[in-house]
Amino acid sequence: MKEALLILLGFALGLLPTWFDRKRRLRTHWSVMRGEMELCREGAITLLKDSIKSPLYRLPMSAYEASFPVLLTDGALSEAESLIMSRFFSQVQDINRGLDNAAATLHANDTAGLNREYDRNLLKARRLVESRDGGESLYAQAKRVVDSKVAKPWWGY
């Protein structure tokens, strides 16, 4: 009987490093996504304030592309949280596509096309960072989700 209990204890102790590693890994994914979201917010605000129709920068998405699938696979998001995060980063992707389109119209010397793309990009950037119709911005919604995940105690993951 004593041997069986020691085997079970050894088995349980063998699982602990994996369990702690999972907790650390999930918190890291949430933290890097929060940092990337802040960079996206800063880039959108820069787009709104600087009046540069075809800037060279793009909003980052590498942390999202690496971390979001891991978080989904691990079951770290509810359906509502997944929808909020997807909306935020879809808008970031749309802004980047608009910036690429603006660069193409600039190279084609299409001033009217450049102005249209710029106006569309401003609308997308406003939706990302500014409150509309009494509701929160996409950034504020996504930040609330990420902040709640990062603030969780280690045993809550």
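From a predicted model like this one, the values you see are computed outputs, not experimental measurements. By convention here, the first residue in the shown sequence is residue 1.
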Novice: Quick one: does Glu65's side chain get under 4.5 Å of Gln93's, heavy atoms only?
Specialist: no
Novice: Begin with the C-alpha distance, continue with both residues' side-chain angles, and end with the deciding distance and a verdict on side-chain contact (heavy atoms from CB on, under 4.5 Å) for Arg25 and Thr28.
Specialist: CA-CA 5 Å; Arg25 187 174 35 88; Thr28 300; 5.7 Å; no
Novice: Enumerate the ring-ring contact (aromatic ring centres under 6.0 Å, His included) contacts for residues 50-71, please, sequence neighbours excluded, ordered by first and then second residue.
Specialist: Tyr64-Phe68, Tyr64-Phe89
Novice: Which value, rounded to the nearest 0.5 Å, describes the distance between Thr46 atom OG1 and Arg41 atom CZ?
Specialist: 9.5 Å
Novice: Taking only residues two or more places apart in sequence or in another chain, which ones pass side-chain hydrogen bond (donor to acceptor under 3.5 Å, both in side chains) with Ser51?
Specialist: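 By the side-chain hydrogen bond (donor to acceptor under 3.5 Å, both in side chains) rule, Ser51 matches no residue at all.
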Novice: Establish whether Leu77 and Met61 are linked, either directly or via other cluster members, by ILVMFWY side-chain heavy-atom contacts under 4.5 Å.
Specialist: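 Result: yes, single cluster for both.
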Novice: For residues Ala66 and Val70, report the shortest heavy-atom separation together with the two atoms involved.
Specialist: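 In terms of heavy atoms, the two residues are closest at O-CG2, 3.5 Å.
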Novice: Do Thr105 and Arg116 make a side-chain contact, defined as non-hydrogen atoms from C-beta onward lying under 4.5 Å apart?
Specialist: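 In short, these two side chains do not touch, never coming nearer than 4.5 Å.
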Novice: With sequence neighbours left out, write down each residue that passes side-chain hydrogen bond (donor to acceptor under 3.5 Å, both in side chains) with Lys53, or none if nothing qualifies.
Specialist: Asn115
Novice: Same cluster for Phe88 and Val150 if Ile/Leu/Val/Met/Phe/Trp/Tyr side chains link at under 4.5 Å?
Specialist: yes
Novice: Closest heavy-atom contact between Cys40 and Pro60?
Specialist: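 Nearest pair, atom of Cys40 first, then Pro60: SG-O, 3.2 Å.
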Novice: Side-chain donor-acceptor pair under 3.5 Å between Glu38 and Tyr139, yes or no?
Specialist: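 A pair is found: one side chain offers a donor N or O, the other an acceptor, under 3.5 Å apart.
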Novice: Roughly how far apart are Leu72 CG and Ser86 OG, rounded to 0.5 Å?
Specialist: 7.0 Å
Novice: Minimum heavy-atom separation for Ser131 and Gly135, please, with both atom names.
Specialist: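 In terms of heavy atoms, the two residues are closest at CB-O, 3.2 Å.
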Novice: Tell me whether Glu117 contacts the main-chain N or O of Asn101 through its side chain, where contact means a donor paired with an acceptor under 3.5 Å.
Specialist: no
Novice: If two hydrophobic side chains count as joined below 4.5 Å and joins carry through other members, does Leu83 share a cluster with Met33?
Specialist: no
Novice: Taking only residues at least two apart or on different chains, which pairs with a member in residues 105-126 satisfy ring-ring contact (aromatic ring centres under 6.0 Å, His included)?
Specialist: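 Residue pairs passing ring-ring contact (aromatic ring centres under 6.0 Å, His included), neighbours aside: none found.
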Novice: Once rounded to the nearest 0.5 Å, what's the spacing between atom OG of Ser31 and atom CZ of Arg34?
Specialist: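 Here the rounded value is 5.5 Å.
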Novice: Can you find a heavy atom in the side chain of Leu59 that is under 4.5 Å from one in the side chain of Leu47?
Specialist: no
Novice: Nearest 0.5 Å, please: how far is CG in Leu71 from CE in Met85?
Specialist: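 Atom-to-atom, Met85:CE and Leu71:CG are 8.5 Å apart.
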Novice: Could you state whether Leu99 and Leu48 fall into the same hydrophobic cluster, counting links through intermediate Ile, Leu, Val, Met, Phe, Trp or Tyr residues with side-chain heavy atoms under 4.5 angstrom apart?
Specialist: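 Yes, it is one cluster - the side chains of Leu99 and Leu48 are joined through contacts under 4.5 Å.
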Novice: Name all pairs fulfilling the salt bridge (Lys or Arg N to Asp or Glu O under 4.0 Å) condition that reach into residues 92-110, sequence neighbours left out, sorted by first residue then second.
Specialist: Arg58-Asp100, Asp94-Arg97
Novice: Any non-hydrogen side-chain atom of Val32 less than 4.5 Å from a side-chain atom of Ser67?
Specialist: yes
Novice: If two hydrophobic side chains count as joined below 4.5 Å and joins carry through other members, does Leu123 share a cluster with Leu128?
Specialist: no
Novice: Determine, step by step, whether Met37 and Val92 satisfy the side-chain contact (heavy atoms from CB on, under 4.5 Å) criterion, reporting the C-alpha distance in whole Å, the side-chain angles of both residues, the deciding distance to 0.1 Å, and the verdict.
Specialist: CA-CA 9 Å; Met37 286 172 47; Val92 169; over 6 Å; no
Novice: Name all pairs fulfilling the salt bridge (Lys or Arg N to Asp or Glu O under 4.0 Å) condition that reach into residues 77-88, sequence neighbours left out, sorted by first residue then second.
Specialist: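 Salt bridge (Lys or Arg N to Asp or Glu O under 4.0 Å) check on residues 77-88 returns Glu81-Lys149.
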Novice: Rounded to the nearest 0.5 Å, what's the gap from CD1 on Ile45 to CG on Asp50? Could you check?
Specialist: 11.0 Å
